[in-house]
Protein chains: 2
Amino acid sequence: MVLWAEKEEILGLFKETPLFSGLTIETQKIFANTAVTCSIPKGQVIYMEENHADFFYIIKKGWVKLFRETFDGTEAVIDILSSSHIFGEFSIFDNGIYSSSAQAVEDSILISLPTSILKEQIEKDPKLAFNMFAVMSRYQRQQDKKIEHLTLQTTSQRIGCFLLRLCPQNQKTDIVIQLPYDKILLASRLGMKPESFSRSLNILRDKTGIRISGARVEIDSISQLTDFSCKGCSSSYPCEDI
Amino acid sequence: MVLWAEKEEILGLFKETPLFSGLTIETQKIFANTAVTCSIPKGQVIYMEENHADFFYIIKKGWVKLFRETFDGTEAVIDILSSSHIFGEFSIFDNGIYSSSAQAVEDSILISLPTSILKEQIEKDPKLAFNMFAVMSRYQRQQDKKIEHLTLQTTSQRIGCFLLRLCPQNQKTDIVIQLPYDKILLASRLGMKPESFSRSLNILRDKTGIRISGARVEIDSISQLTDFSCKGCSSSYPCEDI
DNA sequence: CGAGGGTTTGAAGTGCATCAAATAGTGTGG
DNA sequence: CCACACTATTTGATGCACTTCAAACCCTCG
């Protein structure tokens, strides 16, 4: 099933994903042997909340949105993930059911892996178990911070905070970054409406002196941005790992 | 150091905490031997965010608030915990540093246990590791849901949702419950100001026919409450495990 | 009884959402 | 290369939700 070249590529991808890093080549091969690469067009739903979770996924390319829908049709975006990130893996502790839905928001290439193998190997391989703990704990800190942001930061501060996390950590001045996906999606990722996003971004621009044209953002000096955004947060820049 | 009777009591408490349930008596004793019971008066800080995490805690009695403070002095309440709940344990995957502060909000009795033992034993005892996974994954679902609530529910709906979670699951009508701690704390737990809480509770009363006097809440029929609160949420009553 | 915190209420302001409409940007077929 | 359709984004006007500040009311505990 799995071609040699593809398998090599998959093993390469494993190196970059925290869950698989540092595993023995044997364990890695167990996963690689059951891996299936699939192309998902933009907009396609990968799985639905409450569905039985047979697979978890590594993103090779593209962007994936995790979300949940309420009865009245509105959706809450849990997270938006890109290359070398993994999703659906928590289902193994969740009665084998996905706790959110997943959808490709750009044309994407995913590696699917059976959750059964993950469950099996976690029990056998202490290093894998340790990695899983690390992944979960990291995710947890992220979620905690997200709650803090939603509770305490204004929409403009949240956007500023997001921009700061896109900046290269070593560079302090004359930074140019690109918004990673469209503004509508970004708005929902930050828990606001597109209109609010647009207006809040203008406010942020006026208060911090950044320049925006389309998806391009120029930041002359990080400090104006941190002064504005980080005062409504318990961490100071640079936030280690959000 | 540890008296026999106290040790028995601690082992009894272990049975009720998911992290320790089902462990061999040997493993349990390793923990019990290093356990120290401490009384914490209302208002006392147990540990501060960013501090080195030598201990984690089981609550034997009382209420403990986990929170984080921003630079401008406002605080975000992460969680409020009661008997048989455990806290501070995630620090072992967090560079040995507490990721939030903890404070007793009622006179409380805690069992402190060294994080070093937990770290050691998780590597040795697969059952303990499994329990830890279960605890983390449960916490994760809770946090996800909290984000959803903050994003999609109104303040009144959030209060209704909280009340529903206090109701005994089997009873559908003529329920009387007590708010577990004071309304100021409850407000911050639900991400709102005391004044907003008060007003929103009035709105909830008017819309769902519940009666409130002080901390006492009478609910004639669950269904009015679920109709009002659960429409802004992806789960339906009863929410399994928040 | 009086002090002090918890709780409610009132008035006014802010932030974000909503609805509606204009504008910019992108890809299509001609 | 243009006209068109369609989507993304911005802007304007308005409303609702929540906060803020101030003051009153309660309750309880010394």
Side-chain angles (χ1 to χ4, degrees), chain A residues 41-43 63 65 70 72-77 80 105-107 149-161 178-207 211-217 228-229 231-232, chain B residues 41-43 63 65 70 72-77 80 105-107 149-161 178-207 211-217 228-229 231-232:
Chain A
K42 176 172 176 171
W63 288 92
K65 173 177 76 174
T70 66
D72 54 14
T74 50
E75 76 173 34
V77 173
I80 294 175
V105 289
E106 296 294 337
D107 290 343
H149 287 168
L150 286 172
T151 316
L152 303 174
Q153 286 187 318
T154 65
T155 44
S156 297
Q157 285 175 327
R158 290 212 291 281
I159 298 174
C161 180
Q178 296 284 128
L179 301 181
Y181 32 82
D182 70 38
K183 293 180 181 177
I184 291 182
L185 196 57
L186 191 41
S188 66
R189 159 75 174 73
L190 296 174
M192 62 190 92
K193 300 290 156 186
E195 297 94 326
S196 297
F197 180 88
S198 178
R199 284 186 244 267
S200 303
L201 187 56
N202 286 343
I203 293 171
L204 184 69
R205 164 169 47 70
D206 297 346
K207 298 217 178 183
R211 282 181 305 283
I212 301 143
S213 63
R216 181 189 165 93
V217 180
F228 176 77
S229 292
K231 68 183 167 204
Chain B
K42 175 172 177 169
W63 287 91
K65 172 177 78 176
T70 66
D72 55 14
T74 49
E75 75 174 33
V77 173
I80 294 176
V105 289
E106 297 294 338
D107 290 343
H149 288 169
L150 286 171
T151 315
L152 301 176
Q153 287 187 316
T154 64
T155 45
S156 298
Q157 287 175 326
R158 291 213 290 281
I159 298 174
C161 179
Q178 296 285 129
L179 300 180
Y181 33 81
D182 68 39
K183 293 180 180 178
I184 291 183
L185 196 58
L186 191 41
S188 65
R189 159 74 173 73
L190 296 174
M192 62 190 93
K193 301 290 157 186
E195 298 93 327
S196 297
F197 180 88
S198 178
R199 285 185 244 267
S200 303
L201 187 55
N202 287 343
I203 293 170
L204 184 68
R205 164 168 48 69
D206 297 344
K207 298 216 178 185
R211 284 182 301 286
I212 301 142
S213 64
R216 180 190 166 92
V217 180
F228 177 77
S229 291
K231 68 182 168 205

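Naming: A, B, ... by sequence-line order, numbering from 1 per chain.
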Would you classify B/Thr155 as touching base, sugar-phosphate or nothing, given that sugar-phosphate means primed atoms plus P, OP1 and OP2, and contacts are heavy atoms under 4.0 Å?
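If one applies the 4.0 Å heavy-atom cut-off, B/Thr155 turns out to touch the sugar-phosphate alone, with no base involved.
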Less than 4.0 angstrom between a side-chain N/O of [X] and OP1 or OP2 of [N], yes or no?
{"X": "A/Lys183", "N": "D/dT10", "value": "yes"}
{"X": "A/Asn202", "N": "D/dT11", "value": "yes"}
{"X": "B/Ser198", "N": "C/dT8", "value": "yes"}

Check the distance between [N]'s [atom2] and [X]'s [atom1] and give it to me in whole angstrom.
{"X": "A/Lys193", "N": "D/dA8", "atom1": "NZ", "atom2": "C1'", "answer": "16 Å"}
{"X": "A/Met192", "N": "D/dT9", "atom1": "CE", "atom2": "P", "answer": "14 Å"}
{"X": "B/Leu190", "N": "D/dA17", "atom1": "CG", "atom2": "P", "answer": "18 Å"}
{"X": "A/Gln157", "N": "C/dC16", "atom1": "CD", "atom2": "P", "answer": "9 Å"}
{"X": "B/His149", "N": "D/dC18", "atom1": "NE2", "atom2": "P", "answer": "14 Å"}
{"X": "B/Arg216", "N": "D/dC26", "atom1": "CZ", "atom2": "P", "answer": "20 Å"}
{"X": "B/Leu201", "N": "C/dT8", "atom1": "CG", "atom2": "P", "answer": "7 Å"}
{"X": "B/Leu152", "N": "D/dC18", "atom1": "CG", "atom2": "C1'", "answer": "17 Å"}

Would you say A/Ser198's side chain and A/Glu195's backbone share a donor-acceptor pair under 3.5 angstrom?
no
Output the single nucleotide from C/dC16, C/dG6, D/dT9 whose closest atom is nearest the side chain of A/Ser196.
C/dC16
Taking atom types as they are modelled, is there a donor-acceptor pair under 3.5 Å from the base of C/dT14 to the side chain of A/Arg199?
no
Among side-chain atoms of A/Thr74 and A/Thr70, is any donor-acceptor pair under 3.5 angstrom?
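Yes, a side-chain donor-acceptor pair sits under 3.5 Å.
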Can B/Asn202 and B/Arg199 be counted as having a side-chain donor-acceptor contact under 3.5 angstrom?
no
Distance (rounded to the nearest 0.5 Å) between B/Ile212 CD1 and B/Leu179 CG:
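Spacing of CD1 (B/Ile212) from CG (B/Leu179) equals 8.0 Å.
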Hey, mind stepping through A/Lys65 and A/Leu185 against side chain to side chain contact (heavy atoms under 4.5 Å, CB included) and telling me if it holds?
CA-CA 9 Å; A/Lys65 173 177 76 174; A/Leu185 196 57; 3.8 Å; yes
For A/Ser200 and A/Glu195, take the nucleotide of DNA chain C holding the closest heavy atom to each; which residue's nucleotide lies nearer the 5' end?
A/Ser200
